[in-house]
Protein chains: 2
Amino acid sequence: MAKRVSHRDSICGVARPLDAIGDWWSLLIVRDAFDGLRRFGEFQKSLGLAKNILSARLRNLLAHGIMETVPAADGSPYQEYVLTEKGRGLFPLLVALRQWGEDFFFEPDEAHVLLVDRKNGLPVRRLELRAQDGRVVGVEDTMVRLPSASAE
Amino acid sequence: MAKRVSHRDSICGVARPLDAIGDWWSLLIVRDAFDGLRRFGEFQKSLGLAKNILSARLRNLLAHGIMETVPAADGSPYQEYVLTEKGRGLFPLLVALRQWGEDFFFEPDEAHVLLVDRKNGLPVRRLELRAQDGRVVGVEDTMVRLPSASAE
DNA sequence: CCTCATGGTTTTAATTTGAAACCATCGTAT
DNA sequence: ATACGATGGTTTCAAATTAAAACCATGAGG
């Protein structure tokens, strides 16, 4: 599961997380978890993937501390899979993925699910990256800075 | 390359984009492209992946309209790979991934690259999702709404 | 007990990945 | 012209991963 990571990536902040969720299914499992799914069978039914693969993915998500198992819930003797704090931290990423998908993978008039404010049912705004002073910044306004103390 | 997508996913807005960038390398290529890399050899050197794999990934990114080739630049007879509008649309997603990585994949004192405001060198703020009225909303404040007209 | 539902693991085949070798094109020096 | 190195790939083949299906374990209900 763990892939070798090149030099630059060890401190890059992008490659490391990809090791945890960088495959097709893991993010979909997390999304389903956000939608309230908890049981092995629910995930399998929703995603339609082989049970061994789901098993492996859940194991990986558990190993990375993105999900955890909780003993019961409705009295059944099985366990449930729920997001940890770390897993819930993926919310902005999923929103970003969803908004990108809406922008470029659907026809303007094509129906798709919408992320809405639970309070009033209105769609949420677009994600915006802001600088310390509050300016909205895009790619061209930012740069990456390497850590001052040269590690490695 | 194209994976079968279950019913719910066809309109979900998350699964579709994953088909385009849902593997380990593609996002790293895009990140490198944001960092200014353009040439086949540059990507290969930076990422340290096999040439055939890089070739396949670039082909896929081209096919999905995330990158495009431009004929020259510095006079050399080769082509360069640059992000399209669609590709640049991945910026928020990469920021989200990076911020999640910073939060959970590095020790508090561990060195890592930082995304900073080009204007003054200060780190950017965290991504925040806001409702129409400007409230910052989290997972629990939102829900997904299926399209009213039942498609399929 | 027998049987069913749930939640997996094992087995086996197909696909994907990766390393290395090979090849094509252009620019340059001879 | 022609050898040669740099760049940008493709082909080949072994190894790892994924997927489908069969199998197994546990507890609940009859």
Side-chain angles (χ1 to χ4, degrees), chain A residues 1-7 9 15 18-30 32-33 36-64 67-83, chain B residues 1-7 9 15 18-30 32-33 36-64 67-83:
Chain A
M1 194 65 70
K3 306 221 171 162
R4 166 198 39 60
V5 160
S6 74
H7 163 57
D9 295 329
L18 279 178
D19 194 45
I21 48 139
D23 73 289
W24 217 81
W25 291 119
S26 296
L27 260 188
L28 289 178
I29 293 170
V30 170
D32 275 356
L37 272 57
R38 318 182 110 219
R39 296 287 283 262
F40 187 95
E42 288 180 314
F43 292 114
Q44 209 224 329
K45 182 145 161 291
S46 165
L47 298 172
L49 81 175
K51 295 204 285 183
N52 53 349
I53 302 299
L54 176 57
S55 184
R57 289 295 170 274
L58 286 173
R59 213 175 359 247
N60 187 48
L61 291 170
L62 295 175
H64 279 288
M67 302 187 82
E68 65 189 339
T69 51
V70 298
D74 63 331
S76 60
Y78 303 108
Q79 58 188 353
E80 302 187 335
Y81 297 86
V82 299
L83 292 166
Chain B
M1 194 66 70
K3 306 221 171 163
R4 166 198 39 59
V5 160
S6 73
H7 163 57
D9 294 330
L18 280 178
D19 194 44
I21 47 140
D23 73 288
W24 217 81
W25 292 119
S26 297
L27 261 188
L28 289 177
I29 293 171
V30 170
D32 275 356
L37 273 56
R38 321 183 101 207
R39 297 286 284 263
F40 188 94
E42 289 180 313
F43 291 115
Q44 209 224 327
K45 182 146 160 292
S46 164
L47 299 172
L49 81 174
K51 295 205 285 182
N52 53 348
I53 303 299
L54 176 57
S55 184
R57 288 295 170 274
L58 286 173
R59 209 171 7 243
N60 186 49
L61 290 170
L62 295 175
H64 279 287
M67 302 187 83
E68 64 189 341
T69 51
V70 298
D74 63 333
S76 60
Y78 305 109
Q79 59 187 354
E80 302 187 335
Y81 298 87
V82 299
L83 292 167

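Each chain gets a letter, A, B and so on, in the order the sequences are listed, and its residues count up from 1. When reading the values below, keep in mind they use all heavy atoms of this one structure, side chains included, and skip hydrogens, waters and symmetry mates.
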What are the two closest non-hydrogen atoms of [X] and [Y], and how far apart are they?
X     : Y     : value
B:I29 : B:F43 : O-CE2, 3.6 Å
A:F40 : A:L58 : CD1-CD1, 3.7 Å
A:L61 : A:A20 : CD2-O, 4.5 Å

To the nearest 0.5 angstrom, please state how far the CD atom of B:Q44 sits from the CG atom of B:L37.
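Taking CD in B:Q44 and CG in B:L37, the distance rounds to 12.0 Å.
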CG/A:L47 to CH2/A:W25 distance, rounded to the nearest 0.5 angstrom?
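If we round to the nearest 0.5 Å, A:L47:CG and A:W25:CH2 are 6.0 Å apart.
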Measure the angle between the two terminal helix axes of the helix from C:dC1-D:dG30 to C:dT30-D:dA1, five base pairs each, and quote it to 10°.
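Its terminal axes enclose an angle near 10°.
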Side chains of [X] and [Y] in contact at under 4.5 Å (non-hydrogen atoms):
X     : Y     : result
B:D23 : B:R57 : yes
A:S76 : A:R39 : yes
A:K51 : A:S55 : no

Is the shortest side-chain N/O distance from A:W25 to OP1 or OP2 of D:dA19 below 4.0 Å?
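For D:dA19, OP1/OP2 do have a side-chain N/O of A:W25 under 4.0 Å.
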Calculate the interatomic distance between [X] atom [atom1] and [N] atom [atom2]; express it in whole Å.
X     : N      : atom1 : atom2 : result
B:L47 : D:dG8  : CG    : C1'   : 16 Å
A:Q44 : D:dA20 : CD    : P     : 10 Å
B:E80 : D:dT7  : CD    : P     : 13 Å
B:W24 : C:dG18 : CH2   : C1'   : 14 Å
B:I53 : C:dT15 : CD1   : C1'   : 12 Å
A:N60 : D:dT18 : CG    : C1'   : 14 Å
B:L54 : C:dT17 : CG    : P     : 13 Å

Expected string for nucleotides 4-14 of chain C under the B/S/- scheme (protein heavy atoms, under 4.0 Å, primed atoms plus P, OP1, OP2 as sugar-phosphate) is -BBBBBBB---
Qualifying residues under side-chain contact (heavy atoms from CB on, under 4.5 Å), relative to B:L62, sequence neighbours excluded:
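B:M67, B:T69, B:Y81.
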